[in-house]
Structures are given as structure tokens and as C-alpha cells.
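Below you'll find the structure, written out as C-alpha cells, and then a few comments.
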4 protein chains.
Amino acid sequence: MPRRPSPSRRRAPRQERSQATCDAILTATARVLVKDGYEAASTNRIAQEAGVSVGSLYQYFPSKEGLVTALLEQHRARAVADFEAGLVPLAGQPLAVAMRALIRQVIAVKRENPRLNQVLHELMPRMRERGLLDVYSQRLFRVVRAFLAPRFQDLRPQNLDMAVFILVTTVEALCHTAVTERPDYLEDESFVEEIATLALGYLRPEPAAVPVRRTARERTVRM
Amino acid sequence: MPRRPSPSRRRAPRQERSQATCDAILTATARVLVKDGYEAASTNRIAQEAGVSVGSLYQYFPSKEGLVTALLEQHRARAVADFEAGLVPLAGQPLAVAMRALIRQVIAVKRENPRLNQVLHELMPRMRERGLLDVYSQRLFRVVRAFLAPRFQDLRPQNLDMAVFILVTTVEALCHTAVTERPDYLEDESFVEEIATLALGYLRPEPAAVPVRRTARERTVRM
Amino acid sequence: MPRRPSPSRRRAPRQERSQATCDAILTATARVLVKDGYEAASTNRIAQEAGVSVGSLYQYFPSKEGLVTALLEQHRARAVADFEAGLVPLAGQPLAVAMRALIRQVIAVKRENPRLNQVLHELMPRMRERGLLDVYSQRLFRVVRAFLAPRFQDLRPQNLDMAVFILVTTVEALCHTAVTERPDYLEDESFVEEIATLALGYLRPEPAAVPVRRTARERTVRM
Amino acid sequence: MPRRPSPSRRRAPRQERSQATCDAILTATARVLVKDGYEAASTNRIAQEAGVSVGSLYQYFPSKEGLVTALLEQHRARAVADFEAGLVPLAGQPLAVAMRALIRQVIAVKRENPRLNQVLHELMPRMRERGLLDVYSQRLFRVVRAFLAPRFQDLRPQNLDMAVFILVTTVEALCHTAVTERPDYLEDESFVEEIATLALGYLRPEPAAVPVRRTARERTVRM
DNA sequence: GATGAATGAGATTTCATTCAT
DNA sequence: CATGAATGAAATCTCATTCAT
């Protein structure tokens with residue numbers, strides 16, 4: 001089932017050989033991007049790394065930008081799909097359990113190929129300007145929304161959309177920033193715990209924002 | 001007091017006129033960056049916009065990257081300084097009050113010149129790779145840490161550094177992402193309230209993830 | 001009767017199907033040439049337009065240039081043949097009648113597919129450089145020469161070859177240039193009349209260009 | 001007095017050095033065009049021939065096409081100016097005298113650098129498509145029109161514009177085609193005479209298309 | 001110091017042509 | 001014969017940077 005043409009694709013590979021070439025180019029792009037970064041990654045270099053000629057590259061991708069967008073799309077698509085898949089078995093779980101599982105999954109994904117994640121993450125705004133690729137962000141948003149919606153009446157926030165925005169943005173940012181700035185946190189189980197606390201505290205019905213003095217006996221911080 | 005030379009500066013302007021030229025160039029850089037983006041911003045274009053020759057530009061800045069880094073540093077330096085200044089009158093305030101004030105300030109800064117903030121934000125990783133500019137992140141971190149430290153014994157988190165990392169990252173990400181993706185939230189007072197709830201809920205000693213009775217009949221909200 | 005191979009042909013199509021393919025390619029070439037111009041017309045594009053693969057194109061034509069030359073030859077061959085055919089019934093006609101008929105025919109041909117005529121016309125010098133295709137110019141020349149020769153003793157010019165050159169060049173240029181620059185003239189019957197006057201005035205025995213008083217009493221025509 | 005920017009110019013040279021560079025590039029373009037033709041003439045090759053870098057070329061000309069157009073414009077401007085200058089002393093002359101002088105001048109110009117004339121001539125349609133350069137054709141037209149207008153009442157044609165179109169097109173085509181196909185004619189004084197006869201015969205008041213007796217013996221030349 | 005003309009390596013992209021399937 | 005994926009030389013053009021004036 002060949003993909004249909006898009007701003008990031010030129011010709012859909014029809015034969016096996018083409019598909020292989022196409023894949024090789026995308027893989028090579030990831031490698032070169034990781035090694036050299038976006039600016040320094042030239043299409044000739046990528047083609048060479050893929051073991052094909054530049055001509056072949058331009059047969060399947062309309063431009064350097066298109067090529068990178070295609071990779072980014074592939075990446076995002078997988079990420080979102082994985083996330084969705086990860087959500088399925090959590091449907092019946094308590095929120096606290098599900099939340100921890102999801103955070104662990106996000107961290108796992110980020111750790112898989114941190115450098116590539118990094119580079120692609122930085123590329124996103126550029127691609128977004130071209131008007132591409134928000135599909136995946138939206139889909140992620142919808143998935144989380146669907147997950148939260150049935151439980152929402154029992155939770156504190158009033159505005160479901162805003163709550164989803166806040167949760168998705170927060171968890172994503174924490175995991176992502178940790179990769180770059182505090183890789184040690186990624187190994188630290190308490191990091192997951194803290195993010196979970198943050199998210200669950202935000203959702204739970206008790207008034208959260210009121211600074212309350214502890215009393216002497218009020219020691220129990222159970223989470 | 002002329003700045004000392006750095007990887008982002010070539011020579012320190014000694015005379016007033018030089019300082020003016022230097023500023024003109026930085027201002028022009030910001031304008032061009034906003035208008036054309038980083039890639040399309042050429043040094044010739046910037047020099048023209050600043051009303052000086054390329055030669056002059058290279059008298060003060062060693063390279064395009066240095067120029068942009070200088071702008072970024074200036075920007076970050078101001079942002080951190082402003083933040084620090086904003087913190088001073090909040091020293092004695094309850095956390096809930098201070099938190100809301102700080103969130104409002106962060107949003108205010110982001111809204112001032114969203115496009116420039118955006119562009120510079122995207123440039124940060126690139127500059128970070130050159131090993132520059134983490135000074136300001138660190139300083140911001142220390143400032144927040146110093147603000148939180150005295151109250152920390154009364155708060156839930158055990159790891160002060162991690163808590164600071166989480167708070168700074170979260171608030172920054174939410175405000176920043178809102179600029180791009182949900183500018184409507186920036187006008188919405190409840191957005192501030194939600195962020196405050198998120199942050200304060202994270203800090204307060206109460207158990208956060210514990211099922212709470214809602215009614216007498218023990219309607220458990222599973223989280 | 002298959003054509004023999006030439007610098008513009010690779011192999012002679014033997015079967016009907018081949019002939020059809022060959023024609024389809026030539027037709028497609030004309031279409032693409034008209035639509036995109038010579039530079040922008042790529043062989044892949046032409047093959048696609050013809051509904052065949054590039055490979056097939058190169059089976060019949062040795063190169064892009066060969067392909068275009070073949071089209072040009074076909075075109076010129078037809079034009080000259082048509083012209084020749086048009087001349088036959090004019091054999092016995094008075095020169096003035098024949099001339100007008102011929103001019104009308106030339107205009108008619110040019111108007112048929114002005115854009116294609118235009119493009120091919122511009123391509124001629126390029127092809128001429130490769131030493132091809134003068135055959136048709138020469139043949140046209142001979143045809144006109146043969147038409148004029150029997151009446152030449154009654155006409156003014158002394159040098160038949162030069163007269164033919166002048167007539168052919170003039171009529172061709174006027175009709176061709178009119179297509180591009182003054183298409184309105186093509187609809188204008190007086191345009192035909194003027195060209196006829198030009199040509200016939202050139203041929204007729206009366207001294208035309210002598211700005212000399214003919215007789216003492218003659219009304220001097222200052223030219 | 002620097003030229004103002006146009007589709008064929010990028011930056012106006014302000015210093016002497018620039019002007020020299022600019023001229024060198026145009027001269028080199030002519031040389032390379034003559035040697036290699038338009039297609040084969042690469043901008044790198046031209047820059048090299050001019051003894052400057054490609055960068056300099058693109059500082060003054062926005063594209064290969066712009067460069068060639070600039071050369072073409074320069075060439076046409078000179079040709080038209082020369083033609084105009086040549087016309088001045090002919091103002092009071094009888095038409096027949098002026099016509100011969102003008103034809104000789106056109107031929108002289110064409111012979112000067114036949115190959116360059118050839119190449120530029122072939123390039124004209126391409127440039128015309130970009131909407132450039134008809135200024136000179138129009139100016140030539142107006143000049144000839146102005147020359148003919150005062151005498152027009154004594155001449156045969158009714159439509160001055162059409163007459164000018166016909167004369168200009170015819171003379172230009174004959175001279176031009178002769179360069180390529182019959183260079184021997186350019187040396188032949190009778191060729192000038194024939195063109196003059198053609199043109200003057202077209203203009204003179206006598207009915208041209210009427211059968212005229214040649215001798216007393218009544219050998220009617222039917223035209 | 002200031003100027004801006006000059007540099008030229010190098011990036012992206014095209015397209016005529018080949019040849020394995 | 002047909003196909004169309006693959007090739008890769010080469011073309012156009014940009015832009016950070018230098019340096020003579």
C-alpha cells in the first residue's frame with residue numbers, strides 16, 4: 001500500500017527496490033542528523049550515507065526540508081501510535097497507576113535515541129512553520145483527552161481541554177528537558193514519582209492551590 | 001564598564017559611538033531574526049538593517065553565531081535579571097501569592113515580543129551545543145532555589161534540586177507552549193490559576209495521590 | 001516503408017505498434033514543448049505525457065536533441081510538402097494571383113499552431129548548428145526557384161537565386177513576426193495585400209528604386 | 001550616474017572598481033556566449049573568463065538570465081542608438097539615398113560581430129517571454145516611423161504603422177538571414193541594391209500590382 | 001575605525017541517460 | 001521490447017567572511 005504524495009514525499013515507491021531505497025534514505029537521514037545536525041547535514045552527504053545517489057534521494061523526497069519532515073512525521077507517527085498502544089491496557093487501571101506507566105513510557109521513548117529525539121524536537125518549530133505535521137500533536141491531544149474524559153467528572157479541573165494541554169505539555173517538557181539537562185534523573189525512579197505527583201496533584205479534587213499550614217500531627221504525606 | 005571579550009564578542013567597544021553601533025547591530029539582529037528567521041538572516045542583511053557595513057559588524061562580533069549568541073545572552077540576562085528583580089518584593093509573601101505573581105510575570109515577558117522569544121528559544125539548543133550560555137539557566141535555577149530553600153522544610157518534596165528543576169521546567173514550558181499553540185490561554189486568568197494549582201499542589205505537604213472520599217458513601221475517586 | 005536511421009532517429013519502427021508509440025512520443029513532444037518550452041521539457045516529462053516509459057523513448061530516439069530534431073524535421077517536411085502541394089494548382093496562374101494565394105497559405109500554416117511554430121522556429125538555429133535539417137530549407141528554395149524560373153525572363157531581378165532568397169526570407173519573416181508581434185495583422189486582409197505588393201513590386205520589370213526623373217515632365221516621386 | 005536596478009541588474013556599481021568588474025563580466029559573457037552558446041555558458045565559466053568570482057557576478061546580476069538580458073539590452077540599446085545617430089544626417093536626403101545608407105548600416109552592424117549578433121538574436125524570444133526588452137524594438141519602430149511620417153503623404157501605403165512594421169521586419173530579416181545563410185551576399189553590392197529596390201518599390205506611389213507593359217511589343221507580364 | 005567589493009567553498013536541485021528486471 | 005529506478009555530472013546561486021581602500 002504505497003503512501004500518497006504529500007509535501008514531504010515526491011514519488012511513492014511501487015517496487016520493493018524503491019521501498020528499500022526510500023527506507024535507506026530515511027535511516028541515513030536520521031544517522032546524519034544525529035551526527036552532524038540539521039545545518040551541516042547535506043543531501044549529498046545523506047545520499048552517500050544511504051549508499052544511493054542524490055538523484056534517488058530527490059526521486060522520493062522533494063527537498064531537504066521535505067526529507068527531514070518525512071523523517072519527523074515517521075517519528076512522530078510512531079511515537080503517537082506507541083503511546084496510543086501503551087494506553088490500551090491502562091484503560092481500566094486507576095489513574096495513579098496509569099499515570100506512572102505513561103510517564104515511564106514517555107521517558108523510555110526519549111531515552112531510546114536521545115540525540116535523534118533532540119534533533120527532531122528542535123526541528124519541529126521549523127516544520128510547523130511550513131504548516132506541516134501538527135496532525136500528530138493533535139492526535140496525541142485527542143488520545144489523552146479521550147482517556148481522561150470518562151473520569152473527568154471526578155476530577156478537579158473544570159476545563160478538560162486546558163487540563164489536557166497542561167498535562168501533555170508538562171510531562172513532555174519534563175521528560176524532554178531531563179534528557180538534555182539532567183540525564184541522571186532519567187535513571188532515578190523518584191523522578192517518575194515526582195512527575196506523577198505533580199500530575200495527579202493537579203487533577204485530584206481536593207483544593208490544591210491553598211497553602212495550608214501543617215499541624216504538628218499532619219506528617220503523613222502519602223502519595 | 002566595557003564587557004570583556006568572549007566567544008560571542010570580538011572587541012569591547014570603548015567609546016560611546018562604538019557602543020551605539022554595537023547596540024544598533026544587536027537590535028537589528030533581533031528585527032531581522034523576527035522578520036526572516038535564523039537561516040534567512042544573513043550578516044549582510046543585518047548590517048544593512050543596522051545601517052552599518054558588514055565590516056563593522058565583524059569588528060564587534062566574531063561570527064554570525066557569535067552575534068546571535070550575544071543577542072541571546074543579552075536577552076537571557078535581562079530575563080533572569082527581571083525575574084530576580086520581580087522576586088525581591090515577594091520574599092515575604094505566602095507561596096501561593098508569590099507563585100501567582102511569578103507566573104504572571106513569566107507570561108508577561110513571553111507576550112512582550114512573542115516572535116523574538118520564539119526564535120531565540122529555538123536557537124538555544126544550537127548555542128548550547130557550542131557550550132555557551134548555560135550560565136543564565138544556572139543562575140535562574142539558583143535564584144529559584146534560593147527563593148524556595150527557606151520554606152522547603154514545610155513542603156512535600158524531598159529533593160530540592162529536583163523540585164526546582166521540575167517547577168522551572170514546567171512553568172517555562174507551559175507559558176512558552178501557550179504562546180505558540182494556545183495564545184488564547186494567555187488572556188485567560190484561569191490559565192494562571194491552573195498553573196498555580198499545578199505548582200502549589202506539587203509542593204504542598206498533603207498527600208496528593210491518595211484516594212479521597214467524596215461523599216459519605218465512599219465514592220472513591222480512583223486516581 | 002520504414003525510415004532509415006538518422007542522427008535524429010535510433011531505430012526504425014517495424015511494427016504498427018512501434019509506429020504508434022513513435023508517433024505518440026512525437027505528439028507528446030509537441031505538446032510539452034508548447035506547454036513548457038524547450039528547456040523545461042524533460043525527456044521523462046515527455047515520456048509520461050506520451051504514456052510510455054523513458055526507456056521506450058530512448059529506444060526510438062537517441063537523445064533529447066534527436067527527438068526534438070525529429071519533430072522539427074517532421075514539421076518542416078510537412079510544411080514544405082504542403083507548400084509544394086499548394087503550388088501545383090497555381091502553376092498556370094498569373095504571378096499576382098499565385099503570390100496572394102501563397103502568402104495566404106503561409107499565414108494559414110503559421111496560425112494553425114502558433115505556439116508550436118514559434119517554439120520550433122526558435123529551435124531551428126540550434127539544430128542547424130548540429131548540421132541537420134537544412135534539407136528542407138533547400139528544398140523550399142528549389143521549389144520556389146522552380147516556380148519562378150520560367151517567368152524570370154520577364155521579371156526585373158537579374159539574379160534568380162538572390163531573388164528567391166529575398167522573397168522567401170521576406171515573406172517568411174513577415175508572417176512569422178506578425179504571429180508574435182502583431183497577431184491582429186493576421187486577421188487583416190490588407191496585410192496580405194501589402195506583402196503581395198512588396199513582393200510583386202520587387203519582381204516587376206519597371207524600375208522601382210531609381211529616384212530619378214524618368215522624363216522631363218515626369219512627376220517626381222521623392223522617395 | 002549609476003543605473004537603477006532592474007530585472008536584469010542587481011546592485012548598481014558605485015565605485016570605479018565595481019564598474020570595471022561589471023563591465024568585465026558583460027564582456028566575458030559576450031565572449032563565452034560566442035564561444036559556447038547559451039546553454040553551455042555557465043555562470044562559473046563566465047566569471048572565470050571575466051577574472052572574477054561567481055560571487056561578484058551575482059552581486060551585480062540576479063541570475064544567468066538577468067546577466068544575458070543585461071548584455072542583450074546593452075547590445076540592443078547601442079544598436080538602436082547607432083541607428084538613430086545614422087538617421088540624423090539623412091533627414092534631408094531623398095528616400096532612395098537614405099534607404100541605401102540605412103541598409104548598408106544595418107549590414108555593417110550585423111557583420112561586425114556576426115556570431116554574437118546571431119546568438120543574441122536567438123536569445124531574444126526567450127527574453128521577450130520574460131516581458132523584458134521590447135523597449136528597444138518599440139523605440140526602433142518609433143524612430144523609423146518618425147522618419148517616414150513627414151513623407152508619408154507622397155507614398156503609396158495607407159497604413160503607416162503597418163508600413164513601418166513591414167519595412168523594419170523585412171530589412172532586418174534579410175540582413176540577418178544573409179549573415180547566416182548567404183554571407184557572400186554581404187559582400188555583394190547588388191544585394192543592398194535589391195533590398196533597396198524591394199523597400200522603395202513597396203513605398204512608391206505607382207500601382208504595383210498592375211500588369212505593366214514592358215516594351216512596345218506588348219509582352220505583357222502578368223503579375 | 002569604517003566601508004563594501006570581492007571571494008569561493010559548498011549547498012540544493014535537475015535531468016539526460018543507462019540498464020537490471 | 002518495455003519499464004522505471006538509479007545514476008551523477010553539472011548548473012545555479014548563497015552567504016559568511018576577508019581585506020584593500
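Computed from a predicted structure; not experimentally measured. Sequence lines set the chain letters: A, B, ... in the order given, protein chains first and strands last, and positions in each chain run from 1.
- Within 4.0 Å of Thr43(B), counting heavy atoms only, lies at least one base atom of the nucleic acid.
- Tyr58(C) places its OH atom 18 Å from the C1' atom of dC1(F), with the value rounded to the nearest Å.
- If you take CG of Asp23(A) and P of dA5(F), they are 15 Å apart, rounded to a whole angstrom.
- Between Phe61(B) and the options Val68(B), Thr69(B), Thr43(B), Leu26(B), a side-chain contact (heavy atoms from CB on, under 4.5 Å) holds for only Leu26(B).
- Across all strands shown, dC15(F) forms a Watson-Crick or G-U wobble pair with dG8(E), both key distances being under 3.5 Å.
- Between dC1(F) and Ser18(C), a contact under 4.0 Å exists linking OP1 or OP2 to a side-chain N or O.
- Of all nucleotides listed (dA6(E), dA6(F), dT13(E)), dA6(E) comes nearest to the side chain of Gln59(D).
- In this structure, Asn44(D) and Val52(A) both approach DNA chain F, and ranking their closest nucleotides by distance from the 5' end singles out Val52(A).
- In this model, the phosphate group of dC13(F) is not approached by any side-chain N or O of Arg10(D) to a distance below 4.0 Å at OP1 or OP2.
- Atom pair Tyr60(B):OH and dT17(F):C1' shows a separation of 18 Å (rounding to whole Å applied).
- Within 4.0 Å (heavy atoms only), Ala41(C) reaches sugar-phosphate atoms of the nucleic acid but no base atom.
- Heavy-atom distances to DNA chain E give each of Gly51(D) and Lys64(C) a nearest nucleotide, and the one nearer the 5′ end belongs to Gly51(D).
- We find that CD of Gln19(D) is positioned 16 Å from C1' of dA6(E), with the value rounded to whole Å.
- Going from atom CG of Leu57(A) over to atom C1' of dC15(E) covers 15 Å, rounded to whole Å.
- Note on Ser56(C): a base of the nucleic acid sits closer than 4.0 angstrom, heavy atoms only.
- As a whole-Å value, the separation of Glu49(B) CD from dG4(E) P is 16 Å.
- In this model, the phosphate group of dT14(E) is not approached by any side-chain N or O of Ser42(C) to a distance below 4.0 Å at OP1 or OP2.
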Stepwise side-chain contact (heavy atoms from CB on, under 4.5 Å) test for Asn117(C) and His75(C): CA-CA 9 Å; Asn117(C) 263 286; His75(C) 206 254; 3.6 Å; yes
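- Across all their heavy atoms, Tyr58(A) and Ser63(A) have their closest contact at CE2-CA, 3.9 Å.
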Could you go through the side-chain hydrogen bond (donor to acceptor under 3.5 Å, both in side chains) check for Gln48(A) and Asn44(A) one step at a time? CA-CA 6 Å; Gln48(A) 190 189 28; Asn44(A) 273 299; over 6 Å; no
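- Between Met124(A) and Arg76(A) there is a side-chain heavy-atom pair separated by less than 4.5 Å.
- Glu65(D) places its CD atom 17 Å from the P atom of dA11(F), with the value rounded to the nearest Å.
- In this structure, the nucleotide among dT12(F), dT13(E), dA9(E) sitting nearest to the side chain of Val54(A) is dT13(E).
- When the side-chain nitrogen and oxygen atoms of Ser53(A) are compared with OP1 and OP2 of dG8(F), none of them lie within a distance under 4.0 Å.
- In terms of position on DNA chain E, the residue among Gly55(B) and Tyr38(A) whose nearest nucleotide sits closer to the 5' end is Gly55(B).
- Atom pair Glu39(D):CD and dT12(F):C1' shows a separation of 14 Å (rounding to whole Å applied).
- A close approach under 4.0 Å does not occur between any side-chain nitrogen or oxygen of Ser63(C) and OP1 or OP2 of dA16(E).
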